[in-house]
Amino acid sequence: MTAISEPVTSTATHCPYCALQCAMAVRGTETAPAADGGLCQKGWTAGSLLRSPARLTTPLIRVDGELRPASWDAALDLVATRLAELKHEYGADANAVFGGGGLTNEKAYLLGKFARVALGTSQVDYNGRFCMSSAAAAGMRAFGLDRGLPFPLEDLAEADAILLVGSNPAETMPPFARYLKRGLIVVDPRRTATAELAELHLQPAPGTDLALALGILHAVVADGLLNQSYVDERTTGFEAVWRIAAAWWPERVERITGVSAADQRAVAARLANARNAYVLTARGTEQHASGADMVSAWINLALALGLPGRAGSGFGCLTGQGNGQGGREHGQKADQLPGYRRIDDPAARAHVAGVWGVAPESLPGPGRSAYELLDALGTVNGPRGLLVFGSNVLVSAPRSARVADRLAALDFLVVADLVLSETAALADVVLPITQWAEEEGTMTNIEGRVLLRRRAIDPPEGVRTDLDVLSGLASRLGQPDGRFPVDAETVFDELRAASKGGLADYSGVSYDRLRAGERLHWPVPERDHPGSPRVFLDRFAHADGRARFHPVDHRGPAEPTDAEFPLQATTGRVLQHYQSGAQTRLVEELTDAVPEAFVEVHPDTAARAGLADGDWAEVESRRGAVKARVRCVASMRPDLVFLPFHFPGAQRANLLTNPALDPTSRMPEFKVCAVRLAGAR
């Protein structure tokens with residue numbers, strides 16, 4: 001008799017990687033795109049991690065220098081005891097919390113609440129500070145609201161012209177490329193896969209994007225392309241911006257950027273004459289010590305053309321991490337409370353404290369930003385204990401050797417992760433947590449749409465959710481029962497109440513509405529509100545309803561080249577890997593494709609260093625040196641080298657990067673630093 005096998009059910013959920021959050025179906029541990037969607041190579045292989053032998057399935061405690069298996073009670077008891085001791089001896093800010101842009105909304109919310117209520121610390125920030133903070137700062141001052149794309153993705157498909165600045169979505173989020181149908185103009189120092197799709201590729205010197213934006217704006221005005229009626233009716237502050245841009249005629253800009261004056265004028269004309277046009281920015285123009293001003297320069301250009309807040313046109317920023325949008329809205333950022341509220345706003349503090357059942361004055365004020373927090377670890381006035389959720393800072397943070405020293409100086413390090421990442425390997429306690437397909441929660445994607453992550457399979461025995469971990473620690477730290485729920489939907493209902501009335505108002509979103517398939521883009525202020533797929537059509541979020549031009553001027557990189565370090569290095573991602581690579585480097589198919597670090601370099605530049613394609617090179621900056629395999633690329637600028645940042649150890653690109661911070665966003669300057677190139681020693 002033939003045995004009848006049990007049917008394997010399929011669960012609709014979303015890819016665990018980038019901010020597109022592509023819909024996928026999970027059957028067992030197999031993943032496939034939804035019926036009308038697509039997945040990149042990372043999404044196709046995501047299921048292999050669910051039962052990877054590298055999964056952590058039991059807590060680990062460091063004993064005599066080695067991480068050894070322990071029970072959950074022993075691990076949580078130890079963590080709570082040590083955190084309480086450090087707080088008693090050094091004060092509440094002796095403990096710090098570092099989160100991640102891949103955490104669900106529920107985790108991000110509860111993590112921020114845990115830091116401020118259970119620990120009482122102001123020292124909480126997250127790796128999204130390394131990703132979206134410059135665009136967020138620029139968007140807030142221009143529009144009064146920060147939502148990556150204030151319009152649905154499908155609107156882009158109808159564009160006649162798209163100016164894409166500092167982004168390579170053909171590799172970093174391939175399904176996005178289907179929206180780039182015509183009129184694509186790419187600004188990128190490298191000839192990327194996305195640049196190959198473009199009708200026009202501008203290849204400026206790294207760190208000169210702001211000058212380029214000023215040159216194009218100058219051309220818009222000088223060539224009679226300014227949308228004067230829009231500027232008069234919907235904006236303020238243009239005169240101050242023009243006083244600066246007037247001095248940046250395209251020929252002057254050409255000498256600084258290398259982009260021809262003719263191409264600058266061509267971009268101005270294409271955008272101005274298009275029926276529907278968009279200006280989009282991403283990490284390449286944001287991860288600078290002047291990143292917020294760079295984004296403001298591109299926003300100024302979009303406003304001069306009358307694009308934001310107009311149906312079929314606009315300005316937007318491409319969010320990178322899976323929950324890069326929602327992760328910064330609900331309280332794991334040093335200066336914010338849930339709902340995108342400012343933590344120094346008395347009304348915001350009173351509202352959130354009321355939801356949490358604590359006194360407003362008990363909430364701490366703003367803390368250190370991400371790199372400043374990491375840089376202060378183990379110092380006299382810095383945190384002595386650190387909890388890390390959803391981040392691998394040893395690989396992803398700038399000036400990586402310094403970060404390693406700071407982690408080693410801690411009295412106590414706790415990491416919650418699904419694998420033994422490079423950061424987890426340094427911890428005193430490691431807590432094994434669930435993966436995307438093993439839990440429920442919500443994510444907010446690149447277009448501000450709230451999506452429901454559904455549990456498809458049971459986690460391995462011995463693994464707990466982040467919510468369970470936080471709840472267990474909170475109860476051991478004396479918090480009352482029920483203040484830190486473990487059920488995701490219960491946490492989300494609390495988040496809804498905490499966000500109500502804030503800029504990022506989720507109060508009208510519910511799991512029931514998401515389960516029913518409703519497309520809900522925040523803000524959703526009421527239970528029957530349809531959501532806000534296109535914000536700014538009627539007014540901007542400032543009190544007078546107008547957008548703000550913000551005057552900015554070109555400064556250039558924080559670290560210019562010189563005779564000792566004559567080249568510029570920039571970092572980025574490749575198709576097969578994601579962020580620090582802690583997960584994708586465990587997928588055989590992905591590591592077979594890109595197994596090691598490489599450095600892209602012009603053949604002439606390689607030859608001057610005595611190197612050829614395939615050689616091992618050493619790339620050195622003032623902060624450290626990286627070993628990487630040479631890839632000679634004829635389209636590279638001779639003054640530039642490129643390294644992916646996914647690899648550990650001596651191949652960490654962030655051993656090189658400059659932690660110089662943007663004064664507004666506190667974003668480090670990942671995208672350009674001075675280096676030299678030589679054969680590996």
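In what follows, residues are counted from 1 in the order of the sequence shown.
At distances below 3.5 Å, not a single donor-acceptor pair connects side-chain atoms of K42 with backbone N or O atoms of C15. No side-chain donor-acceptor contact under 3.5 Å links T121 to the backbone of A96. S10 contributes no side-chain N or O that, together with a main-chain N or O of A25, makes up a donor-acceptor pair within less than 3.5 Å. Distance alone, capped at 3.5 Å, places no donor-acceptor pair between the S507 side chain and the K500 backbone. Side-chain atoms of R349 come within 3.5 Å of backbone atoms of L363 as a donor-acceptor pair (strictly under, hydrogens ignored). Proximity of a side-chain donor or acceptor of T584 to a complementary backbone N or O of T591 within less than 3.5 Å is not detected. Checking side-chain atoms of S532 against main-chain N and O of P523 turns up a donor-acceptor pair under 3.5 Å. Without hydrogens or angle criteria, Q21 side chain to C18 main chain gives a donor-acceptor distance under 3.5 Å. Listed for the S499 side chain is no donor-acceptor partner under 3.5 Å among the backbone atoms of G502. Between the side chain of N127 and the backbone N or O of G101 there is at least one donor-acceptor pair closer than 3.5 Å.
Rounded to the nearest 0.5 angstrom, L495 CG and T442 OG1 are separated by 7.0 Å. Atoms CD and CZ, from Q435 and R55 in turn, are 4.0 Å apart once rounded to the nearest 0.5 Å. Interatomic distance, L184 CG to T194 OG1, rounded to the nearest 0.5 Å: 7.5 Å.
No more than 12 heavy atoms of other residues, nucleotides or ligands sit less than 6.0 Å from atom CG of D481. Around the CZ atom of R68, the shell of radius 6.0 Å holds more than 12 heavy atoms that belong to other residues, nucleotides or ligands.
Ring geometry for Y109 against W356 counts as perpendicular: the plane angle is over 60°, on a 0 to 90° scale with 30° as the lower cut. Using the six-membered ring where Trp is involved, H330 and Y506 have ring planes that are perpendicular, over 60° apart on the 30 and 60° scheme. Ring geometry for F315 against F143 counts as tilted: the plane angle lies between 30° and 60°, on a 0 to 90° scale. Ring pair H577/H646 is tilted by interplanar angle, where 30° to 60° counts as tilted.
Nearest heavy atom pair, residue W436 against residue A46, reads CZ2-CB, 3.8 Å. When all heavy atoms are compared, the tightest approach of S167 to L318 is OG-CD1, 3.4 Å. Residues A474 and F484 share a closest heavy-atom pair of CB-CD1, 3.4 Å. Scanning both residues, F98 and A370, for their nearest heavy atoms gives CE1-CB, 3.8 Å.
Residues W44 and E589 bring no donor and acceptor atom of their side chains to less than 3.5 Å of each other. No donor-acceptor contact under 3.5 angstrom links the side chains of Q579 and S396, judged on distance only.
Screening T319, N323, L520, V509 for a side-chain contact (heavy atoms from CB on, under 4.5 Å) involving T444 leaves a single residue, N323. The one candidate from E440, E439, E106 that meets the side-chain hydrogen bond (donor to acceptor under 3.5 Å, both in side chains) condition with R453 is E439.
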Q: Run the numbers on E154 and R534 for salt bridge (Lys or Arg N to Asp or Glu O under 4.0 Å), then give the verdict.
A: CA-CA 12 Å; E154 54 262 30; R534 297 171 184 85; 5.3 Å; no

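Between Y278 and F151, the distance from one ring center to the other falls under 6.0 angstrom.
The shortest side-chain heavy-atom distance between C317 and M132 falls under the 4.5 Å cut-off.
Salt-bridge formation is not detected for the pair D125/R666: no Lys NZ or Arg NE/NH1/NH2 atom is positioned less than 4.0 Å from an Asp or Glu carboxylate oxygen.
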